[in-house]
Number of protein chains: 2
Amino acid sequence: MASQTEENYLKSLFLLANSKGEINLTDLSKMLEISIPTANSMVNKLHEKGLLNYEKYKPLVLTAKGKKEAALIIRKHRLTEMYLVEIMGFGWEQVHEIAEQIEHINSNAFFDRMDELLSFPTIDPHGSPIPDKNGKISWKSYDKLSECKAGQTVKLAALTHSSSDFLKFLNSKGLSLGLKLKIHSIEAFDKSMIVSYHNHKQEQFSQMVSERLLVETTNPNL
Amino acid sequence: MASQTEENYLKSLFLLANSKGEINLTDLSKMLEISIPTANSMVNKLHEKGLLNYEKYKPLVLTAKGKKEAALIIRKHRLTEMYLVEIMGFGWEQVHEIAEQIEHINSNAFFDRMDELLSFPTIDPHGSPIPDKNGKISWKSYDKLSECKAGQTVKLAALTHSSSDFLKFLNSKGLSLGLKLKIHSIEAFDKSMIVSYHNHKQEQFSQMVSERLLVETTNPNL
DNA sequence: ATAATATGTTAGACGTTTCTAACTTTAATT
DNA sequence: AATTAAAGTTAGAAACGTCTAACATATTAT
């Protein structure tokens, strides 16, 4: 059994590996808000436990075992977020802090029941995939809205960042997953986009925003 | 903020105080399954924090502040148990271990939402009172079934012990809270009772069982 | 290629929570 | 009342997760 602390390290290592190429101690210590020596000593511990491949001064790479453990914690986190939104009625901007704690609960029955009550969801409220019980993730490849062209109509599918502030901003713009967005024009200078959707005839999204929105482009062959 | 460990000590102290007169270190260490010196050092810590009145070799008594903190943890535990049974569909014998972990979650919103979804329950699945948000408990006085007389009809209202084994036993006998029990006879020698209820025409409860069942006696003046 | 900068490691310490062993105080028994 | 037994205390140690300070290695830039 990994301690709660170890679980947080594994989770961070997993998430970092999926958003950057190579992970180093500095990244890890920043993500966990701990000092570099503390990260270093835990990295040695995870290495001894067979959860992490590690050599001095080399990048950090989870072993298959470490990846699986990490994915199962992320599974609990994302299932919890979905449960909090879908069953308990929380907003998507409220659930991270609670899920951050509940992910460490040790009870298969508890998470299995959530899964069942949610009809076995595959994504969380922010569009991130929920690993299955074996720790496998089925990655979908979305495009960043910022990389789409004027004239396209796309569906908002996921977010690259889910800070509470960003989510509140999206709420204020009436945005939610599944919405169809039509891109009217893109300003060449700052890449800002004029977009319409649902009850919003004309909204301007800065590049800061459009980079954080992941969309599905309707298959043009259909 | 009390640590998770401190919370467990407070909870045990509170529960012991409500089932025994004076609490000593030995009781506490047994309940928490820790050594006496460990209990001793935590007791000193709680005393320094103003949560416990304590003098060497004297009984352990929670301060008002300690009592309130303890009651609020018990509130979270019992709300969780009720939530797990009523909303998630767990059996009353399954919920203790999960609630034991969830009671340490730090999120008023989370427990407030549970409370709301349960329509502000006052008892948990085992009939124990749920402290209110100020840590106040409204005690109801029930009678032990073992102290009732032959011929009485009573309503099963709560349990004095909620071990998983006892709860499974009650399940096997088709017993649940709210059931009306009719006491047919009591064997003088071993105090065993012959009782009928719902689909059960004749069940024999040993004293071991009848002592653990709390009942409401219908007011004979009505 | 050397110096400057960034990154990583080691050593030593501290607070928590736990333990066992040795000792003291209080309570119970005879 | 004296002895025995039960309960409580103190001292010292260990694991965990954290820190800062000092030092070592790699990387980057001039």
Side-chain angles (χ1 to χ4, degrees), chain A residues 1-14 16-17 19-62 66 69-70 73 100-101 103-106, chain B residues 1-14 16-17 19-62 66 69-70 73 100-101 103-106:
Chain A
M1 293 295 101
S3 69
Q4 199 155 313
T5 308
E6 285 167 4
E7 290 191 346
N8 284 332
Y9 278 83
L10 290 173
K11 194 177 48 152
S12 294
L13 287 163
F14 188 96
L16 282 169
S19 67
K20 309 191 47 160
E22 301 198 321
I23 316 167
N24 61 28
L25 273 181
T26 305
D27 298 332
L28 183 62
S29 68
K30 272 181 193 149
M31 170 160 271
L32 289 165
E33 296 182 287
I34 50 169
S35 70
I36 294 175
T38 301
N40 184 275
S41 71
M42 183 57 87
V43 155
N44 281 303
K45 187 173 171 190
L46 295 175
H47 179 228
E48 276 158 31
K49 287 197 166 187
L51 297 163
L52 185 67
N53 289 131
Y54 185 57
E55 288 172 79
K56 274 192 184 181
Y57 302 106
K58 294 279 155 61
L60 312 174
V61 184
L62 286 172
E69 274 211 35
I73 299 153
E100 204 68 7
Q101 300 179 66
E103 69 190 7
H104 302 294
I105 299 291
N106 179 4
Chain B
M1 292 297 99
S3 70
Q4 199 155 312
T5 309
E6 284 167 3
E7 289 191 347
N8 285 332
Y9 278 83
L10 289 173
K11 194 177 48 153
S12 293
L13 287 163
F14 188 96
L16 281 169
S19 68
K20 309 190 47 159
E22 301 198 321
I23 316 167
N24 61 28
L25 274 181
T26 304
D27 299 332
L28 182 61
S29 68
K30 271 180 194 150
M31 170 160 273
L32 288 166
E33 296 182 287
I34 50 169
S35 70
I36 294 174
T38 300
N40 184 276
S41 70
M42 183 58 87
V43 155
N44 281 305
K45 187 174 171 187
L46 295 175
H47 179 228
E48 275 157 31
K49 286 197 167 190
L51 297 163
L52 184 68
N53 290 130
Y54 185 58
E55 287 172 81
K56 276 191 182 182
Y57 303 105
K58 295 280 155 59
L60 311 174
V61 185
L62 286 173
E69 273 210 37
I73 298 155
E100 204 68 6
Q101 299 179 65
E103 70 191 7
H104 302 294
I105 299 291
N106 179 4

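Below, all heavy atoms of this structure are taken into account, side chains as well, without hydrogens, waters or symmetry copies. Proteins get letters first, then strands, A, B, ... in listed order; numbering begins at 1 in each.
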Whole angstrom value for the distance that separates C1' of C/dG8 from CD of A/Glu55: 14 Å

Figure out the CG/C1' separation between A/Asn44 and C/dA11, and round it to whole Å. 14 Å

Side chain of B/Leu25, heavy atoms from C-beta onward: which of C/dT17, D/dT9, D/dT25 has the nearest atom to it? D/dT9

Sub-3.5 Å donor-acceptor pair from the side chain of B/Asn8 to the main-chain atoms of B/Thr5, do we have one? no

Value in whole Å for how far the P atom of C/dA27 lies from CD of B/Glu22: 10 Å

Under 4.0 Å between a side-chain N or O of B/Tyr54 and OP1 or OP2 of D/dT9? yes

Please report the interatomic distance CD(A/Glu6) to CD1(A/Ile73), rounded to the nearest 0.5 Å. 9.5 Å

Can you pull out the residues from residues 29-37 of chain B that lie within a 4.0 Å heavy-atom distance of DNA chain D? B/Ile36, B/Pro37

Round to a whole Å and report the spacing from CD of B/Gln4 to P of C/dG15. 22 Å

Would you tell me if any nitrogen or oxygen in the side chain of A/Thr38 comes within less than 4.0 Å of OP1 or OP2 on D/dC19? yes

Over all strands shown, is A/Thr26 touching base, sugar-phosphate only, or nothing at heavy-atom distances under 4.0 angstrom? sugar-phosphate

When you check the phosphate oxygens OP1 and OP2 of D/dT18, does a side-chain N or O of A/Tyr9 lie under 4.0 Å from one of them? yes

Just how far, in rounded Å, is C1' of C/dT24 from NZ of B/Lys58? 15 Å

Could you tell me the separation between the CG atom of B/Leu28 and the P atom of C/dT18, rounded to a whole number of Å? 11 Å

Looking at A/Gly66 and A/Leu10, what are the two nearest heavy atoms and their distance? O-CD2, 4.2 Å

Distance, rounded to the nearest Å, where B/Asn40 contributes CG and C/dA21 contributes P: 18 Å

Nucleotide C/dG8, atom P - distance to CE of A/Met42 in whole Å: 17 Å

Under 4.0 Å between a side-chain N or O of A/Lys45 and OP1 or OP2 of D/dG17? yes

Could you check whether A/His104 and A/Gln4, counting side-chain N and O atoms only, form a donor-acceptor pair closer than 3.5 Å? no

Measuring to OP1 and OP2 of D/dA26, would you say a side-chain N or O of A/Lys56 lies under 4.0 angstrom away? no

When all nucleic acid strands are considered with a 4.0 Å heavy-atom cut-off, which category describes A/Thr5: base, sugar-phosphate, or nothing? sugar-phosphate

Can you find a side chain N or O atom of A/Ser3 that sits less than 4.0 Å from OP1 or OP2 on D/dG17? yes

